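Please read the structure below before turning to the comments.
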Amino acid sequence: MVVSSVLGFPRIGANREVKKAVEAYWASKITAEDLNKVAATVRKASWTSVQAKGVAFIPSGDFSLYDHVLDHSVQFNVIPKRYQGLSLSPLDVYFAMGRGRQSDGVDVPASEMKKWFDSNYHFVVPEFSEETEFKLNFNKALEEYKEAKALGIETRPVILGPISFLTLGKAAKGSPLEFKPISLLHKLLPLYKTVLTELKNAGAEWVQIDEPVLVLDSSAYLDKEFSSAYAELIPIASKIILATYFARLNSNVHLIAKLSVAGLHIDLAREPDQLDSVLSAIKPTAIALSLGLVSGRNIWKNDFVSSLTLASKAIEALGVERVVVATSCSLLHTPVSLEVEDKLTDEQKDWFSFALEKAGEVSSIAAILTDAANSSVALEANKVSIGKRREFEQNFNDAVRNRVASITPEMLERMSSFTVRKDLQGKELKLPKFPTTTLGSYPQTKDIRQARAKLGSGESTEKQYEDFMKKEIENVIRFQERIGLDLLVHGEPERNDMVQYFGEKLEGFLFTRNGWVQSYGTRCVRPPIIVSDISRPGPITVPWSSYAQSLTKSPVKGMLTGPVTILNWSFPRTDVSRELQSKQLALALRDEAMDLEKAGISAIQVDEPAIREGLPLRRAEWDAYLKWAVDSFKLTTAGLSDRTQVHSHFCYSDFDDIFPSVQRLDADVISIEASKADMKLLSTFREYGYSNQIGPGVYDIHSPRVPGAQEIKDRLKAMLEIIPDSLLVVNPDCGLKTRGWKETEASLVNLVEGARWARQNY
Ligand code: GLN
Ligand code: ZN
């Protein structure tokens, strides 16, 4: 018999109950006890609904109120000093680590967050130091395992593996340069042993240990650690299934084959081609193979026929008893259930599977493999659905396809070199030395959100909505004029979200009402779904930007979200390449940029905060990705005249290894996050000889803290030691939409003062 498994389930709740309860707890509207009740209800609902789908291996221990990596850190007492001794409850310490805390005399910033591999989920980065004293504060997997058992549900506990835990973490500030968290492995292993022993004693037959770092190139240096750690854990634990996902194992499969773990999980939704090499490596062993056939990263209905082909191959090589049908990774990255979705038509709903439906899929595929005769209904139904979708996918937009096919190299390059352009733009924009600007959005107040909601619900007319937004834009323009900013923006009040806004105005996208996915902590997003060829029915931002420009003599910067970011923050199609989708987006945005220019906008910013996170996990694939990603940006912007200043913005500062690509973008101005990182970053720019203008954020907008004028001057001074005078632009490190007006005004006044000071002194 072939069995099925789910590697992890969304924990926000079908109606975001957990998110809402956590926020209510923060606002002191409910108690910790109330919060735990909500959490327990959601866990129970997940377990019972996955069980009802007939899944054999149901995960437990994967729940989290904020982030599962943070849970893991706290469980092992990896709690930085700054969060200790604050007289807070353990729960409040936990949240303080996740999001910072500023109350009752406590003032601690949040821990650093990082993107979870190449997904849009953020985890809280564990901080290790030579002083780290591991201690088992609780055994989360055990608690949840028992909780499920008390409900009569047998589960398979999930634990983040020791090697991934340590290597995903960072060395605490002040650690000696040579300190590497992995050196703590021998201190950590005894605690893992306790966790695993307790689970075994409680009756867990299997335990899933996630070691996703096995798909990274860097894991090639961890052979010794993997071997010694698992040699210690395997003998005392339940049967271990080692889970990997998001990319290919490559040669690490030989390492695993030697470990004699009971099971291995691989991602076949992403990397079907790795099946052959994995099969031949583990065939001589007794390792069971969990086939990650149903994608945990996308929302398209699984094509059973192709899954069955892969699974049959595995069964032929290993035998039925050694094969499990599974989701490719945790379903954390997909919305909970399609059932409640009322914004999609029945035809559209039939294209998709959300988490719960995916649980049904693994179970159906396993059933078909076990007993084809009695499962033909499921297979036939799936064939019909997939057939209809394939039919829909044949609806090409010929004009768009032809246009992509006829992209020429000339379309990717500006007319003249940066130096020539810089001169022309100087004349056009008449900006002073060290020009000041902001990155697009201004505070999204309650009024603004209400105005958008009212339009959506029909409570207000288009005209009323437009008048309201125009008033907002005017206020933002007058504000910027008053405090003396040089290059203005319209403030983006009309945008709910930088990706959703464009998706809604373009052809080719679908939107859900309830398709929420956790991005970090209690922040959830509803990624748009790309379903067909993308085109632009008409101008999107032009009316707003030209209205803003009509109000002032200062130049106003147009504001677009770049093609790669729109793609990376959506659920993409799987029938055509990401490259094609990105280029279709780029052509639509190229038209928008040209229309902005025609309407008299002389500076246009194309935000690409997600270009870096889209980097494939395996370096061998970087070049191919960077080629089309950078080309897409260039396609969007290169049609503009030399006189138009092209800006781009990135929300991060991690450029070391993609530097040549940043240069190749050939944006006239890039703004980057620099306030959190130190000046080392700017030195990198200089070392590489970056030639265009840069606006390294002079303060951190992610916190309400107001930077003093002196602080900004000091930063500028430090920056000017590295960046030539003629290239420095002065701006905050990201958009201001999440800030309040009070701190925004105070901070920007100081920013302008800093720039004026620099003009006098340099
Ligand atoms: N223009 C966007 C804004 O200011 C940029 C945001 C981002 O890059 N995340 O909101
Ligand atoms: Zn940003």
Side-chain angles (χ1 to χ4, degrees), residues 113-115 120 122 436-445 448-449 452 469 472-473 476-477 479-480 485 487-503 505 519-520 523 525 527 540-541 544-545 548 556-570 589 592-593 596 601 603-614 633 636-637 645-655 662 665 667 669-677 681 694-703 729 731-741 743-744 747-748 751:
M113 273 190 314
K114 251 199 187 144
K115 296 260 174 169
N120 193 17
H122 306 63
T436 54
T437 190
T438 56
L439 301 181
S441 56
Y442 268 82
Q444 285 257 339
T445 58
I448 294 180
R449 284 197 300 268
R452 266 202 312 268
M469 290 300 163
E472 281 299 320
I473 291 172
V476 167
I477 294 286
F479 166 79
Q480 296 171 88
L485 283 158
L487 179 54
L488 313 190
V489 296
H490 79 286
E492 304 179 21
E494 78 287 7
R495 304 187 188 177
N496 38 15
D497 170 273
M498 63 188 287
V499 169
Q500 191 182 344
Y501 176 75
F502 285 92
K505 308 280 175 212
S519 171
Y520 62 85
R523 180 158 166 80
V525 293
I540 302 169
T541 65
W544 302 119
S545 288
V556 174
K557 189 163 55 164
M559 201 57 59
L560 306 176
T561 303
V564 186
T565 297
I566 296 182
L567 178 70
N568 280 341
W569 288 352
S570 301
L589 293 163
E592 180 72 12
L596 279 170
I601 303 297
I604 298 171
Q605 178 175 314
V606 178
D607 292 324
E608 282 291 22
I611 237 181
R612 190 174 208 297
E613 82 186 41
F633 178 88
T636 306
T637 53
Q645 190 168 64
V646 172
H647 290 237
S648 189
H649 167 63
F650 312 96
C651 299
Y652 48 84
S653 50
D654 207 358
F655 291 104
V662 179
L665 293 172
V669 181
I670 58 170
S671 50
I672 57 180
E673 189 243 33
S675 50
K676 267 180 277 172
L681 154 77
I694 311 185
V698 295
Y699 77 91
D700 176 12
I701 64 94
H702 302 88
S703 131
V729 176
N731 48 254
D733 71 347
C734 196
L736 300 160
K737 61 175 165 260
T738 55
R739 291 273 61 84
W741 265 107
E743 69 260 21
T744 296
S747 306
L748 291 177
L751 177 146

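The model shown is predicted, which means the values in this text are computed figures rather than measured ones. Just follow the structure's listing: the first ligand is 1, and inside any ligand the first atom is 1.
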Taking CZ in F655 as the centre, count heavy atoms belonging to other residues, nucleotides or ligands within less than 6.0 Å. Is the count above 12? yes
Can you find a pair of side-chain heavy atoms, one from W569 and one from T561, that are under 4.5 Å apart? no
Output yes when a side-chain donor or acceptor of Q444 lies under 3.5 Å from a complementary backbone atom of R495, and no otherwise. yes
In terms of relative ring orientation, are W741 and Y442 parallel, tilted or perpendicular, with 30° and 60° separating the classes? parallel
Min side-chain heavy-atom separation R739-S747 under 4.5 Å: no
Which protein N, O or S atoms lie under 2.8 Å from the Zn ion (ligand 2)? H649 NE2, C651 SG, C734 SG
Would you mind reporting whether L748 and F479 have side-chain heavy atoms less than 4.5 Å apart? yes
Would a 4.5 Å heavy-atom cut-off, applied to side chains only, mark M559 and D607 as touching? yes
Kindly print each ligand 1 N/O atom paired with any protein N/O atom under 3.5 angstrom away, one pair per line, or none if nothing qualifies.
{"from": "ligand 1", "atom 1": "1 (N)", "to": "L439", "atom 2": "O", "distance (Å)": "2.9"}
{"from": "ligand 1", "atom 1": "1 (N)", "to": "E492", "atom 2": "OE2", "distance (Å)": "2.8"}
{"from": "ligand 1", "atom 1": "1 (N)", "to": "D607", "atom 2": "OD2", "distance (Å)": "2.7"}
{"from": "ligand 1", "atom 1": "4 (O)", "to": "L439", "atom 2": "O", "distance (Å)": "3.0"}
{"from": "ligand 1", "atom 1": "4 (O)", "to": "S441", "atom 2": "N", "distance (Å)": "2.9"}
{"from": "ligand 1", "atom 1": "4 (O)", "to": "S441", "atom 2": "OG", "distance (Å)": "3.1"}
{"from": "ligand 1", "atom 1": "8 (O)", "to": "H649", "atom 2": "NE2", "distance (Å)": "3.4"}
{"from": "ligand 1", "atom 1": "10 (O)", "to": "S441", "atom 2": "OG", "distance (Å)": "2.7"}
{"from": "ligand 1", "atom 1": "10 (O)", "to": "K737", "atom 2": "NZ", "distance (Å)": "3.0"}

Chi angles and distances behind the side chain to side chain contact (heavy atoms under 4.5 Å, CB included) call for N496, R449: CA-CA 8 Å; N496 38 15; R449 284 197 300 268; over 6 Å; no
Any side-chain heavy-atom pair of N731 and L487 under 4.5 Å: no
